[in-house]
2 protein chains.
Amino acid sequence: MKKILNAPQDYADQALQGMCLAFPHLYAQSGEAGRVITRAAPAKDKPGIVSGGGSGHLPTFAGYVGAGLLDACAVGNVFAGPAVMDCIDAIRAADNGKGVLLLFGNYGGDKMNFAMAAEMLEAEGIETRTVLASDDVGSASRDERVKRRGVAGLIYAYKVAGARAEQQGATLEAVAGVAQRALDNTVTIGVALSPCTVPEAGKPTFSLAENEMEMGMGIHGEPGIRRGPLLAADTLADEMLSTLLKDGGLKAGDRVAVMLNSLGATPLEELFILWRRVQSGLAAQNISWFPPQIGRYATSMEMAGASLTLMKLDKELEQLLAAPVASPWWSNAQ
Amino acid sequence: MKKILNAPQDYADQALQGMCLAFPHLYAQSGEAGRVITRAAPAKDKPGIVSGGGSGHLPTFAGYVGAGLLDACAVGNVFAGPAVMDCIDAIRAADNGKGVLLLFGNYGGDKMNFAMAAEMLEAEGIETRTVLASDDVGSASRDERVKRRGVAGLIYAYKVAGARAEQQGATLEAVAGVAQRALDNTVTIGVALSPCTVPEAGKPTFSLAENEMEMGMGIHGEPGIRRGPLLAADTLADEMLSTLLKDGGLKAGDRVAVMLNSLGATPLEELFILWRRVQSGLAAQNISWFPPQIGRYATSMEMAGASLTLMKLDKELEQLLAAPVASPWWSNAQ
């Protein structure tokens, strides 16, 4: 296992500890086992936003706690959902009496645990709303969107909901509404080239032959649409883009946000090689774009591969996307 | 070869094209073959700063062109130095009549080509100064510092020289002076876990057994200090830190900038696991630190491994490090 770690069972905890130690002006650690990340300087007088999910995807999820983004995040083991108690603690930490948006990916364990937490807190008078990311077009057909997994598109929802929540007089309903609208307009497709290793398992999550890729594979190695020979970058970009344009119903005159995300090992060079083609494909369809997000936003540790996300923009979504933010993982210089 | 590319010989060019297309407000491409990257909005009335080097290390080198950093960069093929003509064009582009600092790594080809370029431009009346990064303690002993290679420490020199050059009335001498002082106080050690593949070669640059690492390996796979079993993260952090503290002559009461850099595939989780231990090691020595740089600053495409850099700070270096910058690859939120 080519990983830098101590005891495999300490991987998630030590990674979180290190993140909070590195950026004490941004993050604080709480919860029974330190699995709740909150802002070092908690916000006041605004609807809260909480997310949660497994470890192994940094900067997703906990890295996006910060001004203009999340208030708190509940963190599970590598590729496992957060515990109910941590969901509860995260929601409590994010609550300022204006309610809390629960914004996370469409996975069974996460849904169940957040639902239990929300129900228990309702009794305490904390109002919550839940919005799920289900942007992964590789995980189910468009007719079965409710089955689709959430992947990198969730970050766009963090960004727009986070910016909306900071606006004066924002309500939980408005914040949940804009997160839902963002996600209703967001589609992602991923491609995997090589696996990662979950520390406690000690072996790769799947195997792919030397010249093979899997289109549509999930960020935990869930099966995708098809396996096949590794395509040339331009062919790959064309296939990913046309899949998203069709699934998202995008058409000439639309404007989109575009995230080209490395799953971990795939270098910036290769994202930029893909970008040339994605950009010319968008231009050919007369679709315009907001300055793109290109880098590592939602990873699977050292997995090689990439995902492409499109969010169809309206005026408000674009303003929220451009709003200032204090995070090492979101640059407004882009 | 698990890489996303078109023709291998187009890798470097298409990556650069994609970067400039993605961020047209930051970068412009020029030079005979597009291998010179300049600021989209060139600076005026300041000493210029030019760097250069091979492709395959993004965001190093060309990514650091931008306000508060470099004015121009000459880019070679993957792991190969830039051409003389591109060095010339980069220097010309960066010149505003106040001279140009040539700030790059201590590699034979780069030195020779920049020296030829500088000599030719001297005849045109463009004054240059050269400052070389030779921060890699794994590449030669301290007594032979002139033989040491330049690695991630170069980024700190970009940052402080870039900030100094933007100050009113800055002279070439002052900018070169602060770059040299930064590098005189900067030491880096790297560790490699697995290789990368140069596209045109089509095979890994070296091989390491499943449970093996190489301490001190260079960013092009140059031999390091020793091979051995992959150490536990804490042991690895201790060894890297103690090597740097000793080599850099750091002592109680000193203050440092710290960069913990992934060579590509190694995920943020593992950098944060290392960081806990690096931070406690610094604290134990009563050495304080500026908010650390943790991420991918100088990579070798998909190589797994990490480097640790320390720069001993004085008041001016710290102020320059904290100065504003417009770059997707340097976050002041850190």
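Numbers restart at 1 for each chain; the letters A, B, ... are given by sequence-line order, proteins then strands.
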Atom of [X], atom of [Y] and distance for their closest heavy-atom approach:
X	Y	value
Ala22(A)	Phe272(B)	CB-CE2, 4.2 Å
Gly18(A)	Trp275(B)	O-CD1, 3.4 Å
Ile294(A)	Trp329(B)	O-CH2, 3.9 Å
Pro328(B)	Ser331(A)	CA-OG, 3.5 Å

With a 4.5 angstrom heavy-atom cut-off, which part of Leu16(A) approaches chain B: side chain, backbone, both or neither?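 For Leu16(A), no heavy atom lies under 4.5 Å from chain B.
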Go through the atoms of Gln279(A) and report whether side chain, backbone, both or neither lie under 4.5 Å from a heavy atom of chain B.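 Side chain only.
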So which residue, Gly66(B), Gly305(B), Pro267(B), ends up with the most heavy-atom pairs under 4.5 Å with chain A?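 With the most close heavy-atom pairs to chain A, the winner is Pro267(B).
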[X] versus chain A, the contacting section by heavy-atom distance below 4.5 Å:
X	value
Ala209(B)	backbone
Leu236(B)	side chain
Leu58(B)	both
Leu208(B)	both
Pro59(B)	both

Side chain Glu270(A), main chain Ile4(B), donor-acceptor under 3.5 Å: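 Indeed, once roles are kept as given, a pair shorter than 3.5 Å links the two residues.
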State whether the side chain of Asn6(B) and the backbone N or O of Ala232(A) hold a donor-acceptor pair below 3.5 Å, judged by distance alone.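 No: the side chain of Asn6(B) does not pair with the backbone of Ala232(A).
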Measuring from Gln17(B):CD to Arg276(A):CZ, what's the distance to the nearest 0.5 Å?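 That separation rounds to 6.0 Å.
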For the interface with chain B, which of [options] has the highest count of heavy-atom pairs at distances below 4.5 Å?
options	value
Arg296(A), Glu212(A), Met303(A)	Arg296(A)
Arg277(A), Glu269(A), His57(A)	Glu269(A)
Ala67(A), Cys20(A), Gly264(A)	Gly264(A)
Ser300(A), Gly56(A), Ser194(A), Ser280(A)	Gly56(A)

Can we say Glu210(B) and Lys2(A) salt-bridge, meaning some charged N sits less than 4.0 Å from an Asp/Glu carboxylate O?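 No, no charged N to carboxylate O under 4.0 Å.
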